[in-house]
Structure formats: structure tokens, C-alpha cells
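Below you will find the structure I want to go over with you.
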Protein chains: 2
Amino acid sequence: MSEGVEWALHGCLNLAWAEEGEDARAVPAAVLARMYELPPAYLNKQLQALARAGIVGSTSGPRGGFRLARSPREITLLDVVVAIEGADEAFRCTGILGQGPDGDPSVDYRKTCVISQTMRRAELRWRRELAGQTLADIMTTVRERFPAVPGETRDRLANLRP
Amino acid sequence: MSEGVEWALHGCLNLAWAEEGEDARAVPAAVLARMYELPPAYLNKQLQALARAGIVGSTSGPRGGFRLARSPREITLLDVVVAIEGADEAFRCTGILGQGPDGDPSVDYRKTCVISQTMRRAELRWRRELAGQTLADIMTTVRERFPAVPGETRDRLANLRP
DNA sequence: GATCTTCTACTCGGATAAAATCTGTCCGAGTTCAGTAGG
DNA sequence: CCTACTGAACTCGGACAGATTTTATCCGAGTAGAAGATC
């Protein structure tokens, strides 16, 4: 899995904290990058993927940057992962059963192949878990365990502006 | 996920069918490769990984090849996946929380980071599912749905020998 | 003082390169078996 | 006839290239705001 997934998740979380502040300004990619000492241009690229997926909105120019495009309650972790990694399943069943000399091209082996089914079921469990966790859920848990984090994050974001 | 996982899973299943036959000979990689028209040397490479993991045993020379190293009941799909893909988690949490200017190196953020925990829990679901399915389970299901497959497979393996 | 224009600085967005990984290939080490010579 | 020896074919195992994906960088298009000139 691409490392950008972690960046994107933390980025969204930070955008969510920022959104809660009084002066909710858009956050430039460079500010998020400074927060974790990440390559700014590359982080920007990942955020572009989030923008294409409709998870964040982007604005150019001064006072521009990224902000969440919808409520944290309507952003699941799966949404973010899919936006970065793509929607393809990790286990690519090429249907090798049909490739052999005795293979029947008219059969869809992804449906009948028991191995494929089992792998897909496991992957479905993973997806379900991620689809069941929204950004809002994460925020609630963080607030319970570390009440200071939201405020601190907003402060850091403000201080990291140029 | 590497495509070799699919090859390895089907390879193990075929080895399991072969093991049930009367004249249980080791199966060369070349024979398995012909079955699905795969590059023989590369498939051999994947089987080597299975051998290193102790899932299959290998024998050199004439009448050599691969065979299951233990009972299908004691081989889980997770074993095979880990043997090919490695034991690393898909979501690599680099603990970026600790990398920023305000990060505390003494804290293990993989333990405290809520995002990391959630991602790991999802991945755990995936692993549990795969760990709960043994090669024997797959064989049972296949036999229920396609009773002819075991015999046909043994025949095909025999016919594909040089 | 208000307004319009110009100008600069800032931000995203996609095109472009370097690095790492996955995929595929090749040849050597070791082993089994068949054939052969000798007792 | 039985045994030991030689040789050859077969198989795995790891070292060696090619292709694809991931990671990282750079520069241009567009925009908001500030400064300055004009009315």
C-alpha cells in the first residue's frame, strides 16, 4: 500500500480540526507538509487525488489551499484509501483457471473459483471495517483520549503558515 | 498484491489434489506452469518462497519437484500470502506524528495514533479471515460444488508430465 | 475619498525525472536413474 | 546373476536483466489581494 495513504489520512484529519476553528481558512499543502516534514510537492499530489475523488476541495491563489468538501461524518477511511490507491482489489484474480489448455473461456472463473471467492471475502471484511469508520469517529476517539490535540493542531497549523 | 499469490494458492491446491492420488509423486514447477501457461522459471521462484516458509518441500533431480510439507488442514491461506508477500503490514505506519518539529521521539505513535490503530484493526480482520481458512476447507468446498475436479486435476497433472 | 487598473505573490495542477519493486530469464549445483562393465 | 561404476538427464536454487509502479521534483496557469494612479 502506498505511503501516501497515511499522509492523506492525517491530512484529512488535520483539515477536519482546522475546519472546526473560528477562522476556518483553507490549508495549503505546504503547511501540512511542514507539519510532518514531508516533500511538499508530493503531498500536494496526493491531495490532488483526494480532490479528484471529491473528498476535499481546492482553491488557488493567496488564502487558497485545501479544505474538506463534506462533513467528517460523511468521509469514511475507505473513501480516502480508495482515492489514493484506486478501487481495484488487492488480490487480482486473473482467472488463471481459464488460461490453461482445458480452460473454458465462456466461464467467469472469478465467480466459480473458490480461492478467488475466499480472498474476496477477506478483502470485503477489510473494506467493511474501513467503510464503517468515519473521520468523525476518529475525531471523537482522539478527543476522548487526547483532549488537547484539536486545539494544539490548530495552533500548529497557524504557526506553520508562512 | 503480487500476482504470484494467486499462482501460489492454486499451486498449493493442485499439490494437495496430487497428494491424494495413489501414486503421490512430487510435482515439478514446470508441470504446474504448463497447467496455466505461466512462465516456468518465475513460478519456480514463487514456489521457492513457499519452500523457504516451510509450506512445501522440494526435491531435486528426476522424479523431483514440490509437494506439500504438511497436511492441508495445517496450511492456511494466510500462510501462503505471507510466504509470498512478506509479513509486513500493508499499511506502513511510519509514525509521521513523531517526525514533525513538535514530535516526541520517546513516544511510539503506532500505539497511540488512532488512525494507525484503525487501519491495523481492519487489516487484522483481513488476516483473521484468511487465517481461518485452511487449504482443507477450500478442498471441501470445491469437492461439494465440483466433485469431478480432484480427479480431473490429477489426470491433467499426469498428462502434462514430459 | 472612492474606484479602477496593474502588478506581485501565492496556490494548485499536470508534465517530467529518479528510485524501488515486481516480473521474467538464465545457468550452475545437486540428485536420481539407466546403462554398462566386472566379478 | 548380482554388484559397483559411470554417465546423462532432470530439477531446484540463486544470480542476472527488463518492465512497471511508486516516489519525488519542477514549472506553468490561474487567482486573490495590495499598491498605485485616476476621477
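Convention: sequence-line order gives letters A, B, ...; per-chain numbering from 1. Keep in mind the model is a prediction, meaning the values are calculated, not measured.
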Measure CD/A/Gln46 against P/D/dT25 and give the value in whole Å, please.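 Rounded to whole Å, this separation is 13 Å.
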
Round to a whole Å and report the spacing from CZ of A/Arg63 to P of C/dT8.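 So the two atoms are 22 Å apart, to the nearest Å.
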
Backbone N/O of A/Thr112 and side chain of A/Ser116: donor-acceptor pair under 3.5 Å: no

Report which part of the nucleic acid B/Arg92 touches: base, sugar-phosphate, or nothing (heavy-atom distance under 4.0 Å, all strands).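 Here B/Arg92 touches the backbone only, sparing every base.
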
Between C/dC12, D/dC26, C/dT23, which nucleotide has the shortest distance from any of its atoms to the side chain of B/Glu3?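 Nearest nucleotide to the side chain: C/dT23.
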
Could you note down all residue pairs passing side chain to side chain donor-acceptor pair (under 3.5 Å) where residues 46-67 of chain A supplies at least one of them, sequence neighbours left out?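 For residues 46-67 of chain A: A/Tyr42-A/Gln46.
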
Quick one: label A/Ala29 by what it contacts on the DNA or RNA (base, sugar-phosphate, nothing), any heavy atom closer than 4.0 Å. sugar-phosphate

Is there a donor-acceptor pair under 3.5 Å between the side chain of B/Arg120 and the backbone N or O of B/Glu89? no

What is the nucleic acid contact for B/Arg161, judged by heavy atoms within less than 4.0 Å: base, sugar-phosphate only, or nothing?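 No contact.
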
Any base atoms under 4.0 Å from A/Pro39, or only sugar-phosphate, or nothing? Heavy atoms, all strands.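 Sugar-phosphate, backbone atoms only, no base.
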
Could you pull out every donor-acceptor pair under 3.5 Å between side chains of residues 10-18 of chain A and any protein atom, sequence neighbours left out?
from    : atom 1 : to      : atom 2 : distance (Å)
A/Asn14 : ND2    : A/His10 : O      : 3.3
A/Asn14 : ND2    : A/Tyr36 : OH     : 2.9

From CG of B/Asn44 over to P of D/dC10, roughly how many Å is that when rounded to an integer? 16 Å

